[in-house]
Amino acid sequence: MFGPERQCHGATRAVFQATPQIETEFLFVPHPPADLTASQWEAVDHCDGPMLVLAGPGSGKTRVITRRIARLIERGVDRRQILAVTFTNKAAREMAERVAALVPGGDVWVSTFHRLAARLLRRYASAVGLKPHFTILDQGDQRSLIKQVIQELDFDAQHYSPARAEHWIGQAKSRLQTAAAVAENREFSASCTDAVFGRIYERYQQRLLAANAVDFDDLLLHLCMILAENPDIRSELDERFRYVLVDEYQDTNLAQYRIVTAISHDYPNLCATGDPDQSIYGWRGAELGNILRFEADFPNAKVVRLEQNYRSTKSILQAAANLIAQNRERRNKLLHTENAPGRPVAVLGFTDERSEARGIARMIGEIAGREQRPWSDFAVFYRVNALARELELALLECGIPYQVAMGAAFYERTEIKDLLAYLRLIVNPADDLACLRVLNAPPRGIGKTTRTRLANWAAAQATSLLEAAARAEHVPDLQPRAIAALRQFAATIDRLSQHAAAGVAVVLEEVLQQTGYAAKTGSEIENSASNSIISELLQAARAFDEQYPGDDALERFLETASLVSDADSIDERGGTVTLMTLHAAKGLEFPVVLIMAVEHGLLPHQRAVDSGEPREYEEERRLLFVGMTRAEHQLFLTQTLVRTLHGKRQTTIPSLFLREIGVEATQFEPPDLAAPPNDPAAPTPLDDFDDAPFDEFDDAAAPAAATRWKTAPRRQNPQPARPAAAFAPGDRPRLTTAAELLNGTRTPVEIPGSFRVGMSVRHPRLGVGQVIEAAGSGKWRTLKVQFAEGDPHTFIEHKCPLQPVGL
DNA sequence: TACCGGTAAATTTTT
DNA sequence: TTTACCGGTA
């Protein structure tokens with residue numbers, strides 16, 4: 001009688017009893033609105049009970065989530081009982097906006113995990129020994145505190161670097177190992193190293209607690225502990241958040257998983273959306289197992305698969321699907337699309353990183369001109385930030401505007417961090433890190449010696465640095481001048497505190513005035529730059545005051561500031577090409593995408609290869625998968641023959657991923673293409689290329705298509721193209737090469753190169769294999785090659801019929 | 001306290 | 001190659 005609505009039962013029955021008017025709605029058999037597919041509607045219309053939405057890239061996942069929220073409300077669910085959790089501020093903002101557009105009125109709690117945890121932790125702070133106005137340390141603060149701790153404990157900083165300790169502690173925390181637990185199990189530590197890091201962790205945690213501060217991981221860890229140890233709080237929140245939606249579930253770590261499950265126990269209406277194939281944060285503790293195990297965790301879970309892609313062309317999707325099919329640890333999905341076949345995925349080969357960068361810049365320029373695309377249609381992804389440099393130079397050279405999405409943004413600036421540290425100190429006088437930061441900024445004659453003596457005394461007295469400064473006259477061995485400076489500093493903070501409730505902007509202005517920070521010395525240019533940054537902060541403060549008036553404005557402003565990230569800074573409207581790491585690309589889409597340096601050692605990254613862990617190797621594959629599936633219309637992958645990295649020039653090894661995608665061979669550009677175009681009047685080869693129907697690039701049609709390049713200067717080459725064989729048969733994506741695209745010829749360029757260990761090679765009879773050993777030199781160099789089957793074969797290099805694969 | 005020079009290390013980084 | 005950091009000296 002009620003059709004699909006019969007699924008609404010169990011724990012949430014109370015909701016429906018309380019709102020009987022819903023019954024009337026059941027009389028209308030709900031059917032999918034025209035703008036939703038059947039499976040999308042299935043997910044949207046699901047009401048009670050756990051649900052897993054396995055959403056492939058570009059499958060309209062966000063839309064499904066927002067529509068489901070609207071649908072729940074439409075059915076009479078109290079909107080305050082809905083909680084939607086995302087990972088990024090940006091995603092949260094977007095989702096909130098879209099929900100607001102669908103069901104005006106607010107009150108649906110859309111938040112990131114960390115912000116949610118921060119909010120709840122303020123309320124229940126005392127349960128973990130914190131005071132409500134605790135400080136959230138960013139990574140920089142965290143790093144410097146760890147450094148201090150290592151120094152204090154007098155461990156060898158060579159072996160126990162702050163970076164490693166930070167990682168170790170982060171891992172421990174995301175696995176819910178508290179410092180106390182680590183201390184208890186110290187004798188069971190797997191290694192001496194673990195024992196040392198355990199000590200660091202303990203001490204670090206003590207210091208955090210003393211400063212009434214938490215780091216990012218603590219937000220989650222503390223909340224987890226609260227939920228685990230306080231059944232009343234847990235059930236209260238469970239009841240409060242009856243409908244929980246989690247986006248990007250594949251990236252949840254153990255702490256996040258526990259939080260989500262803890263508040264979905266009595267009301268198990270958890271809706272998890274995600275894609276195992278897009279899990280790229282394993283190194284930060286994300287547990288792929290969480291999503292793979294969902295049905296085991298929730299045996300009666302409904303599973304909806306969104307497999308139709310609305311974003312990419314068939315070629316792109318096919319190529320990506322080929323790649324990801326190689327992963328073992330996944331759930332098989334049938335990615336498909338109704339979109340046009342589109343242009344073949346192109347692999348562009350270049351001689352070195354410089355010609356690669358120029359080639360990319362030219363490619364972008366030509367496509368933009370020909371297709372009348374704005375620069376913002378283009379994105380270039382790379383595995384490591386270092387790869388952006390050469391590209392930036394090339395883009396500058398071509399006059400193409402770009403933006404790099406990368407770390408060290410606004411809130412990382414010294415001025416901003418200093419000013420925020422003052423605010424932190426006002427809110428939380430125990431915040432020793434903030435105190436340390438501004439004690440001598442601007443300089444007021446409090447040097448290193450003074451600081452050490454102050455810190456020692458404060459530690460002995462078990463008091464905060466600020467408090468110690470206020471009572472500086474008791475600190476032994478201090479110069480009278482230092483005492484005066486310290487007392488004055490403390491008095492200044494004290495005076496500033498009186499303005500605390502007057503709004504963020506007012507406090508900030510007072511800080512600037514009273515500390516003399518504004519008048520800080522510096523060169524003319526530096527000053528103007530720094531001034532504009534400061535005024536930007538002031539502006540943000542004013543905007544914040546308007547939006548959130550109230551006594552706790554300062555505190556909330558700080559929370560916002562510390563939870564903001566660089567990804568938030570990407571300006572979508574700015575008409576520029578976007579450069580970013582593959583990690584940063586998740587969740588975005590661009591009409592034209594170029595992925596640089598698809599080479600062994602970079603993608604997959606050397607560290608993943610060295611680890612020998614299939615898990616890590618598969619994550620690299622997912623990373624490329626994520627990058628590829630960002631592309632709507634056109635996708636290019638590039639590789640070079642030699643690449644200079646860390647100042648070392650090395651012959652590259654082609655990425656095995658290329659072969660998995662279906663690239664049999666890349667033809668490399670002739671060397672002269674490396675030079676920037678010097679005759680702008682010359683017809684661009686792409687003019688022609690673009691008019692060609694895509695079908696002409698089919699295997700069989702390839703030689704015929706070659707005749708189309710009449711406007712491009714034909715290269716005399718006795719050797720006919722090594723043509724059709726270069727293109728994969730059947731369901732393989734169709735691939736084009738750099739030479740074809742940029743030069744308009746299909747004449748392959750023979751690249752002499754010696755085989756190296758690790759390279760993939762093709763033998764006419766034995767198929768594809770990998771060089772596992774090379775010996776001798778010159779004429780007598782021999783290669784040992786392992787093929788898919790049988791024992792390795794040994795060849796004499798200069799006589800053997802081996803072809804490099806991917807070269 | 002501030003600067004210079006030598007050395008070592010150099011993924012990814014939602015918060 | 002570039003960068004960050006340490007330790008020495010002015």
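All of these numbers come straight from a predicted model, not from anything done at the bench. Throughout, a chain's letter reflects where its sequence line sits, starting with A, and its residues are numbered from 1.
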Polar-atom pairs under 3.5 Å, protein N or O versus N or O of nucleotides 1-4 of chain C: list them with distances, or write none.
| from | atom 1 | to | atom 2 | distance (Å) |
| --- | --- | --- | --- | --- |
| C:dT3 | OP1 | A:R389 | NH2 | 3.1 |

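- For the residue pair A:S111 and A:A92, the shortest heavy atom distance occurs at C-CB, 4.3 Å.
- Of the candidate nucleotides B:dT1, B:dT11, B:dT14, B:dT11 has the atom lying nearest to any side-chain atom of A:H605.
- Atom CG of A:L645 is separated from atom C1' of B:dA9 by 13 Å (rounded to the nearest Å).
- Residue A:L137 is classed as having no contact, given no heavy-atom separation below 4.0 Å to the nucleic acid.
- Remark: side-chain polar atoms of A:T644 are not paired, donor with acceptor, to backbone N or O of A:G647 under 3.5 angstrom.
- The distance from atom CG of A:L582 to atom C1' of B:dT12 is 9 Å, rounded to the nearest whole Å.
- The six-membered or imidazole ring of A:Y249 lies away from that of A:F87, with a centre-to-centre distance of 6.0 Å or more.
- Taking the P atom of each, C:dA4 and B:dT13 are spaced 16 Å apart, rounded to whole Å.
- Qualifying side chain to side chain donor-acceptor pair (under 3.5 Å) partners for A:E390, counting only residues two or more places apart in sequence or in other chains: none.
- Under the side chain to side chain donor-acceptor pair (under 3.5 Å) rule, A:K173 has a single partner from A:T178, A:D215, A:D217, which is A:D215.
- Remark: A:E613 engages no residue in a side chain to side chain donor-acceptor pair (under 3.5 Å) (not counting sequence neighbours).
- Using a 4.0 Å cut-off on heavy atoms, the residues of residues 610-623 of chain A that approach DNA chain B are A:E620, listed by number.
- DNA chain B is contacted by both A:A608 and A:A286; A:A608 maps to the nucleotide lying nearer its 5′ end (nearest heavy atom per residue).
- Remark: A:Q256 CD to A:L219 CG distance equals 11.0 Å, nearest 0.5 Å.
- The residue A:Y281 sits close to a base: some heavy atom pair falls under 4.0 Å.
- Between the C1' atom of B:dT14 and the CD atom of A:Q256 lies a distance of 9 Å, rounded to the nearest Å.
- One atom, CG of A:L624, and another, P of B:dT12, lie 17 Å apart when rounded to the nearest Å.
- Of the listed nucleotides (B:dT14, B:dT12, B:dT1), B:dT12 has the atom at the smallest distance from the side chain of A:V384.
- Taking the six-membered ring where the residue is Trp, A:H583 and A:Y281 present tilted rings, their angle falling between 30° and 60°.
- Atom NZ in A:K173 sits about 16 Å away from atom C1' in B:dT13, given to the nearest Å.
- Going from the P atom of B:dT12 to that of C:dC5 covers 15 Å, rounded to whole Å.
- As rounded to whole Å, 21 Å separates atom P of B:dT11 from atom NZ of A:K586.
- Judged as a side chain to side chain donor-acceptor pair (under 3.5 Å), and not counting sequence neighbours, A:W109 has no contacts.
- Judged by a 6.0 Å distance limit and a 45° cone about the ring axis, A:R556 is not positioned over the six-membered ring of A:F544.
- Using a 4.0 Å heavy-atom cutoff across all strands shown, A:D251 reaches at least one base atom of the nucleic acid.
- Side-chain N or O atoms of A:E599 include one that pairs as donor or acceptor with a backbone N or O of A:T640 at under 3.5 Å.
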Treating primed atoms plus P, OP1 and OP2 as sugar-phosphate and everything else as base, which nucleotides of nucleotides 5-10 of chain C get B, S or - for protein heavy atoms under 4.0 Å?
-S----

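- Between A:Q250 atom CD and B:dT14 atom C1' there is a gap of 11 Å when expressed in whole angstrom units.
- For the pair A:R630 and A:F590, the NZ or CZ position fails the cation-pi test of under 6.0 Å to the six-membered ring centre and within 45 degrees of the ring normal.
- Checking the phosphate oxygens (OP1, OP2) of B:dT13, a side-chain nitrogen or oxygen of A:N385 falls inside 4.0 Å.
- Look at CZ on A:F113: it is 16 Å from P on B:dT14, rounded to the nearest Å.
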